[in-house]
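Whatever order the structure lists them in is the order used to number ligands and atoms, beginning at 1.
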Amino acid sequence: MTREEAWGLVEAHVEAAGLRRHMLAVEAAMRFYAARLGEDADSWGLAGLLHDWDWEIHPTLEAHPKAGIARLREAGCPEAVVQAILAHNPAGTGVEAATSMDFALRACDEITGLVSAAALVRPSKDVRDVEVKSIQKRWKEKAFAAGVDRAEVERATEDFSRVAFAGQLALADHIGNVLAAMKEVAAGLELDGRLVRPA
Ligand SMILES: [Fe+2]
Ligand SMILES: [Fe+2]
């Protein structure tokens, strides 16, 4: 399955621009970590890009992403990617994370929401102006990126750190890595200042 085919699936089934941007952000973070760990960036990227592809078809945590998996396999999605996608919602699928890719996806999923929120509160609305410390400062602020469960992000980061970094990936490092990855794709995320530039 090529990236183009994966994106075609997303374009065909995901209408919400925010959800598309979320998957692009997670894709960027996954590619970053694959490169860092000497893993296959294409398959790690696919896991990020596709993980929520069926949310608008199966918008409950019981059905998503389980009900969409047959379609993914049909489209030629590699089995390791399928497993990572299943393992991002273990409560719904019963599939626990096992590989580094699985743990990476869990660790990169929700944290992208904090980074996006940090970009959107800046006057420039440019993710390239965001610093790690601005995200850390708002970590305990409940109204900021209210949908992002901090405890879950912390747990997922610790697990990923243990499995892939011998426990050496601190939360601040993880925030910095995801931020760096998202800066690289600022235009695709529409977090490159365009939201405040006159048309
Ligand atoms: Fe999901
Ligand atoms: Fe997600």
Side-chain angles (χ1 to χ4, degrees), residues 1 3 6-7 9-34 41 43-73 75 77-120 127 135 144-160 171 174-175 177-179 181-182 184-185 188-191:
M1 186 182 218
R3 199 237 174 225
W7 182 244
L9 202 64
V10 171
E11 281 193 309
H13 299 283
V14 179
E15 266 186 46
L19 182 54
R20 288 188 188 187
R21 289 196 295 266
H22 164 66
M23 289 191 281
L24 289 169
V26 180
E27 177 195 29
M30 290 295 284
R31 294 191 77 93
F32 176 99
Y33 274 117
S43 53
W44 284 48
L46 281 183
L49 186 62
L50 286 170
H51 76 281
D52 284 335
W53 84 275
D54 73 331
W55 180 253
E56 292 179 359
I57 316 171
H58 311 121
T60 69
L61 287 170
E62 288 72 46
H64 156 79
K66 198 165 52 180
I69 290 297
R71 179 78 185 80
L72 281 186
R73 287 198 173 112
C77 186
E79 193 54 32
V81 174
V82 165
Q83 289 307 314
I85 291 172
L86 283 168
H88 97 272
N89 178 19
T93 63
V95 176
E96 293 292 339
T99 67
S100 305
M101 195 205 300
D102 303 348
F103 283 102
L105 183 57
R106 298 197 54 180
C108 293
D109 189 356
E110 290 208 51
I111 197 169
T112 58
L114 282 163
V115 176
S116 296
L120 290 170
V127 72
I135 298 171
F144 176 78
V148 178
D149 180 344
R150 271 54 159 187
E152 170 56 28
V153 172
E154 286 166 13
R155 246 192 326 271
T157 304
E158 272 173 40
D159 289 343
F160 180 40
L171 181 60
H174 184 45
I175 295 169
N177 291 339
V178 173
L179 177 58
M182 288 176 64
E184 289 288 318
V185 296
L189 302 177
E190 298 192 6
L191 294 175

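Using a 4.5 Å cut-off on side-chain heavy atoms (C-beta onward), S116 and L191 make contact. Here the side chains of R21 and E190 are in contact, with some heavy-atom distance below 4.5 Å.
The ring pair (Phe, Tyr, Trp, His ring centres under 6.0 Å) search around F103 returns none, not counting sequence neighbours. For W44, the ring pair (Phe, Tyr, Trp, His ring centres under 6.0 Å) criterion is met by no residue, not counting sequence neighbours. Evaluation of the ring pair (Phe, Tyr, Trp, His ring centres under 6.0 Å) rule for H51 yields H22, H88 as partners, not counting sequence neighbours.
For M30 against M101, the heavy-atom pair with the smallest separation is CE-O, 3.7 Å.
Listed by chain and number, the protein N, O or S atoms at a distance under 2.8 Å from the Fe ion (ligand 1) are D52 OD1, H64 NE2, H88 NE2.
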